[in-house]
2 protein chains.
Amino acid sequence: MHSPAELATQFRSMGRKLTPQRQLIFSLLHNNQSHPTAESLYGVASAQMPGISLRTVYQTLNELAEMGELLLIDIGEGGTRFDPNIDEHHHAICSDCGKIRDVHVKGASSLKPNDARDFLISEVGVVFKGLCAECEARGSKRSPALQAKMSQKPKSSSK
Amino acid sequence: MHSPAELATQFRSMGRKLTPQRQLIFSLLHNNQSHPTAESLYGVASAQMPGISLRTVYQTLNELAEMGELLLIDIGEGGTRFDPNIDEHHHAICSDCGKIRDVHVKGASSLKPNDARDFLISEVGVVFKGLCAECEARGSKRSPALQAKMSQKPKSSSK
DNA sequence: TTGTTAGTTAGCAATACTTGCAAACTAGGG
DNA sequence: CCCTAGTTTGCAAGTATTGCTAACTAACAA
Ligand SMILES: [Mn+2]
Ligand SMILES: [Mn+2]
Ligand SMILES: [Zn+2]
Ligand SMILES: [Zn+2]
């Protein structure tokens, strides 16, 4: 993703406005390697700008994605994760805590299917699943589903 | 996934019952390479067994997944896809029509992240995105989202 | 500064997918 | 044929995301 300043220029040049909400989201995304969900971003955004709406977070994330400034990652668990790192890279996903780490894989871009020679490849993605250092050390065996449940606070009206 | 007959035995030996619904689902899944969603399976199941419930399809698919007889695949678009092919393989996903094809990738299992040497890998997945032969030939440029919309019949009460 | 307006935001309804629940049903053993 | 543990259904509820629109405001011009 480009810097907040560059995005500002880019937005304005597209006839879009530079609102405080957008500026905040740009800054929260800048150098963010956590692969956040819309909801988690909304959490930190709300802390700095009470009243900002989840709807606006979704809207801005979608705009950035359409502009090619963000990548979407869909692991099975939970919602879509957003990735401001648009350079070629791959991911290691911890099946215990759900954290996603950026990794680089030598030779990944030249991988080809043995079969399906008639398939026109536009993109190759490699995903490693396993345990991150922390979870491995902790010797945890919790499933991601259980993890999610445990870190869940009772929600009243989140619709 | 094991054969319907083997699954029958396996289910009974676990104290589970062999119902007509389960038998039907086993047979629909056997040698099925379409990576169906619960909903699409429900469609074909309903044709052969009117009255079978979507709930039961989900239930059976989840049971098979827990038993390790099915793999779950989550592409961004639409619901979870189920894969009765549990041998090591990878996928080519058409960004136009959404079809998923099984592919084999030489050397995939020995891929390692350059960084993240502290990550304990349990599984490596490779995904190719691009155009399948049909869509490529057709020269289609439709997005999967648009595709989905176009093939959508108005739903009344699908909740 | 002020006015104008196209674009944006907030909030709530609606949708899509999946699971929770409980009453009715039934496979499989005795 | 009976019993009952396990199953199926139908519907409510939950989660993630988008549709809609009235109220708001950034950007620009006067
Ligand atoms: Mn990343
Ligand atoms: Mn497959
Ligand atoms: Zn972890
Ligand atoms: Zn295609």
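We name chains A, B, ... by the order of the sequence lines, and we start the count at 1 in each one.
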Worksheet item: side-chain hydrogen bond (donor to acceptor under 3.5 Å, both in side chains) between E6(B) and S3(B): does it pass, once the steps are laid out?
Response: CA-CA 5 Å; E6(B) 290 169 311; S3(B) 74; 3.1 Å; yes
Fill in: Length of the CD-P vector between E39(A) and dG14(D), whole Å
15 Å
Worksheet item: With no hydrogens and no angle check, is any side-chain donor or acceptor of R12(A) less than 3.5 Å from a backbone partner on K17(A)?
Response: no
Discussion item. Just the rounded figure in Å: distance from P of dC17(C) to CG of L41(B).
Written reply: 14 Å
Worksheet item: Under 3.5 Å, side chain of D102(A) to main-chain N/O of Q33(A), donor-acceptor pair present?
Response: no
Worksheet item: Taking only side-chain nitrogens and oxygens of R55(A), does any of them come within less than 4.0 Å of OP1 or OP2 of dC12(C)?
Response: no
Discussion item. Hydrogens and angles aside, do D83(A) and H89(A) bring a side-chain donor and acceptor to less than 3.5 Å of each other?
Written reply: yes
Worksheet item: Are S53(A) and dG11(C) close enough that a side-chain N or O sits under 4.0 Å from OP1 or OP2?
Response: no
Fill in: Rounded interatomic separation in angstrom, taking OH from Y58(A) and P from dT8(C)
20 Å
Worksheet item: Taking the nucleotide of DNA chain C with the closest heavy atom to each, which residue, R81(B) or I52(A), is nearer the 5' end?
Response: I52(A)
Practice prompt. Can you check each nucleotide of nucleotides 25-30 of chain D against protein heavy atoms at under 4.0 Å and return B for base, S for sugar-phosphate only, - for none, in 5' to 3' order?
Written response: BBS---
Fill in: Y42(B) OH to dA16(C) P, straight-line distance once rounded to whole Å
16 Å
Discussion item. Given 3.5 Å as the limit, does a donor-acceptor pair link the side chain of H35(A) with the main chain of I100(A), or not?
Written reply: yes
Discussion item. Aromatic contact between Y58(B) and Y42(B), with the criterion being ring centroids under 6.0 Å apart: yes or no?
Written reply: no
Item to complete: Tell me, with the steps shown, if R101(A) and D115(B) meet salt bridge (Lys or Arg N to Asp or Glu O under 4.0 Å).
Response: CA-CA 10 Å; R101(A) 158 124 49 124; D115(B) 21 41; over 6 Å; no
Worksheet item: CE of M49(B) versus C1' of dT9(D): gap in Å, rounded?
Response: 13 Å
Discussion item. Without decimals, in angstroms, what is the distance between Q59(B) CD and dC17(C) C1'?
Written reply: 16 Å
Worksheet item: Quick one: is T80(B) getting a side-chain N or O under 4.0 Å of the dT18(C) phosphate, OP1 or OP2?
Response: yes
Fill in: Separation of dT18(D) C1' from E63(A) CD (nearest whole Å)
14 Å
Discussion item. In whole Å, I'd like the distance from the CG atom of D74(B) to the C1' atom of dA16(D).
Written reply: 12 Å
Response to the item:
From the candidates dT8(D), dG11(C), dT18(D), the one with an atom nearest any side-chain atom of N62(A) is dT18(D)
